[in-house]
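Take a look at the structure below.
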Amino acid sequence: MNFAKLLKPGAVKVLTSASSKKRLLHDIGELAHNAYGLKATAVVDALMTRESLGPTGVGQGVALPHARLEGLEDVLGAFVLLDKPIDFNAVDRQPVDIAFALFAPESAGVEHLKALALVSRTLRNASVCAKLRANPDPATLYAILTEA
């Protein structure tokens, strides 16, 4: 499992408009639609349902929203860097400015867990997050993630 397999360059975005968790999840839905052809409303509904089970803000300004979606064959990802951090009900109560969303097939077991582990491990690295926060260009962000 690697980032190049999970993430298309078109699934990386810098957001200037997200003012809330709900708005961010809607923006991720639109990004997933544009990058992968997924139905935006289905993505948002699945992410909101998962968030209702417990927040996916993992701390240090990072959120890992994820959901299983009908009709997917592979685990897919979308990366968002926010220009202004937002409240995401993170475990450390810190606002979030980095979000990496994962979408998995309903039947995905170990592949979904491997993807979550890869993303979590990478975004726990303070130097990787510092590079991401310092480079608000989608192509550069994609390069940083795929090199990590």
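Predicted, not measured: the structure shown is a model, and the values here were computed from it. We're numbering straight along the sequence, starting at 1.
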*Can you name the residues that form a ring pair (Phe, Tyr, Trp, His ring centres under 6.0 Å) with H26, not counting sequence neighbours?*
none
*L64: what forms a side chain to side chain contact (heavy atoms under 4.5 Å, CB included) with it, not counting sequence neighbours?*
V58, V62, F100, V119, S120, L123
*For S127, side-chain hydrogen bond (donor to acceptor under 3.5 Å, both in side chains) partners two or more places apart*: N125
Side-chain donor-acceptor contacts of residues 106-118 below 3.5 Å, not counting sequence neighbours, with atom names and distances?
none

_Contacts of S19 that satisfy side-chain hydrogen bond (donor to acceptor under 3.5 Å, both in side chains) - sequence neighbours left out_ = none
*Just jot down the ring pair (Phe, Tyr, Trp, His ring centres under 6.0 Å) partners of H33, sequence neighbours excluded, or say none.*
none
_Pairs meeting criterion ring pair (Phe, Tyr, Trp, His ring centres under 6.0 Å) with involvement of residues 69-96, two or more places apart_ = none
_Qualifying residues under side-chain hydrogen bond (donor to acceptor under 3.5 Å, both in side chains), relative to R121, sequence neighbours excluded_ = none
Donor-acceptor pairs under 3.5 Å, side chain of residues 128-140 to any protein atom, not counting sequence neighbours: which ones?
residue	atom	partner	partner atom	Å
R133	NE	D97	OD1	3.0
R133	NE	D97	OD2	2.9
R133	NH2	Q60	O	2.9
R133	NH2	D97	OD1	2.8
N135	ND2	K131	O	2.7
D137	OD2	A139	N	3.4
D137	OD2	T140	N	3.0
D137	OD2	T140	OG1	2.9

*Check salt bridge (Lys or Arg N to Asp or Glu O under 4.0 Å) between K13 and all other residues, then give those that pass, not counting sequence neighbours.*
none
*Only counting residues at least two apart or in another chain, list the ones meeting side chain to side chain contact (heavy atoms under 4.5 Å, CB included) with D87.*
N89
*With K8, which residues qualify under salt bridge (Lys or Arg N to Asp or Glu O under 4.0 Å), at least two apart?*
none
